[in-house]
Amino acid sequence: MVHQDYKEMIPARALSALDAAEAHALNDHLADCEECRSELQEWEATAAAMAVSANPMEPSPKVRERILDEIRNESKSEVIPFRSATRNIWTSFGSLGAIAAVILVTALIAGLVVLWRQNNARGIELAQSKEFLELATTPGAKVMRLDGVDRGAGSSAKLVYDKTGHAMLMADKLPNVPEGKAYQLWFIVGKNPPMPGKTFMPDDTGKGMLKDQVPETAMDSAVFAITIEPVGGVDAPTGPIYLRSSAIN
Amino acid sequence: MKAIAARDEMALAQLYDRYRVILFGLLMRILGNREEAEDVLQEVFLQVWRKADDFDETRGRPFTWLVTLGRSRGIDRLRTLASRERVAEAGAREASEEVSDAASDAFRSEQRGLVNTALAQLPDEQKGPLMLAYFDGLTQSEIATHLGAPLGTVKTRMRTGLIRLREMLAGQGESFGF
């Protein structure tokens with residue numbers, strides 16, 4: 001196929017109406033064609049206008065409450081450990097004790113900073129490995145291996161996720177990404193369009209780490225894949241697959 | 001979106017308040033079931049909260065991102081339901097007429113009128129495949145089978161229809177927030 005053939009496929013792609021083989025071929029072309037990527041954005045905007053033709057409807061007020069409750073719970077779970085630790089220190093020691101505690105904590109932090117500077121990269125890697133292991137050993141956790149294919153040959157990654165979908169990916173020997181690009185994770189269930197995950201950048205040694213949330217529909221039977229996409233990610237893959245998964249437990 | 005990425009709950013609430021009616025209408029059109037549509041609506045906004053920092057404003061407007069995300073999740077849920085046993089289609093069409101006055105008032109009816117007018121001007125042979133693709137998530141091959149038409153004909157009609165739709169909506173992008 002030539003450029004014009006791909007251009008004619010773009011409107012159908014904006015409607016997610018291409019058959020799998022055509023979608024795959026167009027994705028490969030989009031990875032290398034800025035003009036077609038730009039055109040796809042315009043067609044997606046036109047397709048999005050069709051949503052307006054549906055009758056507007058008011059959801060239950062409970063939906064708004066549930067969403068806000070959920071994000072507040074997520075926020076709490078992110079900060080509670082730090083708040084608790086701070087409160088315990090101050091209430092336990094009183095004012096003089098607090099000063100001593102500050103000195104002690106400052107000294108500890110200074111020591112940690114020195115250690116961190118000495119062995120920063122290794123420390124981060126160890127912490128990530130520990131976190132990965134902890135997640136992998138939670139009841140019901142699944143671990144997937146992703147192997148490099150085609151342009152990603154030689155690279156590998158492991159992805160672990162628990163029963164709630166909290167996932168962590170650690171990749172190795174990743175090829176460098178071109179400027180303005182990043183690796184993006186995808187969840188593929190059957191013949192459905194791939195569901196987008198987050199993006200990540202590898203370090204200078206080709207190692208990469210990503211934390212993401214596995215969609216509910218992808219928890220049981222998804223194939224996990226990684227492509228190179230524009231920084232910030234895209235809703236549908238535009239580049240070839242660099243790594244893809246196979247179950248190892 | 002930047003405020004949401006910075007974990008501003010009010011910004012997410014405002015985004016929800018602005019788009020909930022159009023997105024819920026879209027999801028009801030796709031799923032035809034209030035409970036499922038509300039569940040997907042919740043998923044969509046939670047995903048917006050978790051992935052707002054992935055939004056690239058140079059690649060499109062929040063409206064397009066949000067609607068594309070909502071439709072994608074709606075079609076995913078539709079296929080999941082179809083694998084169990086699809087929600088009764090007749091019920092879906094009736095339910096989609098349950099529009100509250102408040103919702104109608106809140107919704108920018110002028111914009112909806114523009115899109116519906118444009119769609120109404122398309123011949124049925126072009127409009128039909130577009131609607132089957134957008135709201136039912138069918139591929140071109142599935143549409144050809146569904147309509148009993150040659151695949152090449154369906155491809156041409158869909159492409160021509162979407163081109164005409166874009167032409168008729170040209171210049172309306174700003175007012176739509178596309």
Side-chain angles (χ1 to χ4, degrees), chain A residues 8-12 14-20 22-23 37 41-60 62-64 66-68 70-72 74-75 78 184 189-193 195-199 212-213 215-217 230-236, chain B residues 7 9 12-13 16 20-22 24-26 28-29 38 41-42 45-46 49-51 54-56 59-60 63-64 67-69 71-72 75-76 79-80 96-100 102-104 107 111-112 115-116 119 130 133-134 137-141 155 158-159 162-163 165-166 169 173 176 178:
Chain A
E8 292 184 2
M9 291 161 69
I10 292 174
L15 292 163
S16 314
L18 287 176
D19 293 309
E22 285 181 324
R37 284 199 300 274
Q41 287 170 29
E42 293 174 16
W43 283 113
E44 283 178 340
T46 301
M50 291 180 67
V52 183
S53 71
N55 285 339
M57 293 190 71
E58 186 71 63
S60 161
K62 289 180 181 173
V63 179
R64 190 181 195 274
R66 289 203 300 262
I67 292 167
L68 294 178
E70 182 76 22
I71 65 172
R72 281 169 191 149
E74 285 184 12
S75 299
E78 287 169 7
Q184 184 168 6
V189 180
K191 293 182 179 179
N192 296 331
M195 292 178 275
K198 291 184 178 177
T199 59
D212 207 338
Q213 180 74 25
E216 191 179 338
T217 52
V231 169
V234 291
D235 294 327
Chain B
R7 320 314 277 167
E9 292 177 12
L12 184 75
Y16 178 86
R20 73 184 190 284
V21 168
I22 182 173
F24 188 60
L26 168 65
M28 279 299 293
R29 176 71 180 266
E38 288 185 344
L41 184 67
Q42 180 177 337
F45 278 92
L46 288 177
W49 176 253
R50 290 164 185 153
K51 298 196 174 184
D54 288 351
F55 174 71
D56 181 357
R59 293 192 61 251
F63 173 88
T64 302
V67 164
T68 304
L69 182 63
R71 175 184 173 259
S72 173
I75 297 293
D76 286 346
R79 287 172 178 157
T80 303
S96 66
E97 299 303 321
E98 296 171 6
V99 186
S100 72
S104 296
F107 186 71
Q111 294 160 0
R112 181 166 172 255
V115 174
N116 278 333
L119 284 169
L130 290 181
Y134 194 77
L138 299 188
T139 65
Q140 291 177 321
S141 294
K155 286 183 177 181
M158 286 182 69
R159 179 174 159 73
L162 203 60
I163 289 172
L165 187 63
R166 183 164 81 165
L169 296 177
F176 277 95
F178 294 164

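Per chain, numbering begins at 1; letters A, B, ... match sequence-line order.
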Could you give the distance from [atom1] ([X]) to [atom2] ([Y]), rounded to the nearest 0.5 Å?
| X | Y | atom1 | atom2 | answer |
| --- | --- | --- | --- | --- |
| A/Lys62 | B/Glu38 | NZ | CD | 9.5 Å |
| A/Asn55 | B/Leu26 | CG | CG | 11.5 Å |
| A/Leu68 | B/Gln42 | CG | CD | 10.0 Å |
| A/Met50 | B/Leu169 | CE | CG | 10.5 Å |
| A/Leu18 | B/Met158 | CG | CE | 8.5 Å |
| A/Ser53 | B/Leu165 | OG | CG | 9.0 Å |

Please report the shortest heavy-atom distance between [X] and [Y], naming the atom on each side.
| X | Y | value |
| --- | --- | --- |
| A/Trp43 | B/Leu162 | CZ3-O, 3.5 Å |
| B/Tyr16 | A/Ser60 | OH-O, 4.3 Å |
| A/Ala51 | B/Tyr134 | CB-OH, 3.5 Å |
| A/Ala54 | B/Gly25 | CB-O, 3.7 Å |

Sort A/Pro196 into side chain, backbone, both or neither according to what part of it lies under 4.5 angstrom from a heavy atom of chain B.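 For A/Pro196, backbone and side chain are both near chain B.
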Any side-chain donor paired with an acceptor under 3.5 Å for B/Ser141 and A/Asp19?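 Indeed, the side chains of B/Ser141 and A/Asp19 share at least one donor-acceptor pair under 3.5 Å.
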So which residue, [options], ends up with the most heavy-atom pairs under 4.5 Å with chain B?
| options | result |
| --- | --- |
| A/Thr217, A/Ile10, A/Asn192, A/Val189 | A/Asn192 |
| A/Pro59, A/Pro11, A/Ala14, A/Gly197 | A/Pro59 |
| A/Glu216, A/Met9, A/Met195, A/Gln184 | A/Met195 |

Backbone of A/Ala12 reached by a side-chain donor or acceptor of B/Gln140 within 3.5 Å: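 No; zero donor-acceptor contacts below 3.5 Å.
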Do B/Arg20 side-chain atoms and A/Arg64 backbone N/O form a donor-acceptor pair below 3.5 Å?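 No; zero donor-acceptor contacts below 3.5 Å.
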When you look at B/Val21 and A/Met57, which way does the side chain to side chain contact (heavy atoms under 4.5 Å, CB included) test go after all the steps? CA-CA 5 Å; B/Val21 168; A/Met57 293 190 71; 5.8 Å; no
Between A/Ser16 and B/Arg71, is the side chain to side chain contact (heavy atoms under 4.5 Å, CB included) condition met? List the steps. CA-CA 10 Å; A/Ser16 314; B/Arg71 175 184 173 259; 3.2 Å; yes
Contact part of [X] toward chain A, heavy-atom cut-off under 4.5 Å: side chain, backbone, both or neither?
| X | answer |
| --- | --- |
| B/Thr68 | side chain |
| B/Leu69 | neither |
| B/Ile75 | neither |

Residues which pass side-chain contact (heavy atoms from CB on, under 4.5 Å) with A/Asp212, listed by chain and number, not counting sequence neighbours: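 Here the qualifying residues are A/Leu185, A/Phe187, A/Lys198, A/Leu210, B/Lys51.
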Using a strict threshold of under 4.0 Å (side-chain N to carboxylate O), is an ion pair present between B/Lys155 and A/Glu22?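 Salt bridge flag = yes for B/Lys155 with A/Glu22.
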Count the heavy atoms belonging to other residues, nucleotides or ligands that lie under 6.0 Å from CD of A/Glu8, then report whether that count exceeds 12.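 Enclosed: over 12 neighbouring heavy atoms sit under 6.0 Å from CD of A/Glu8.
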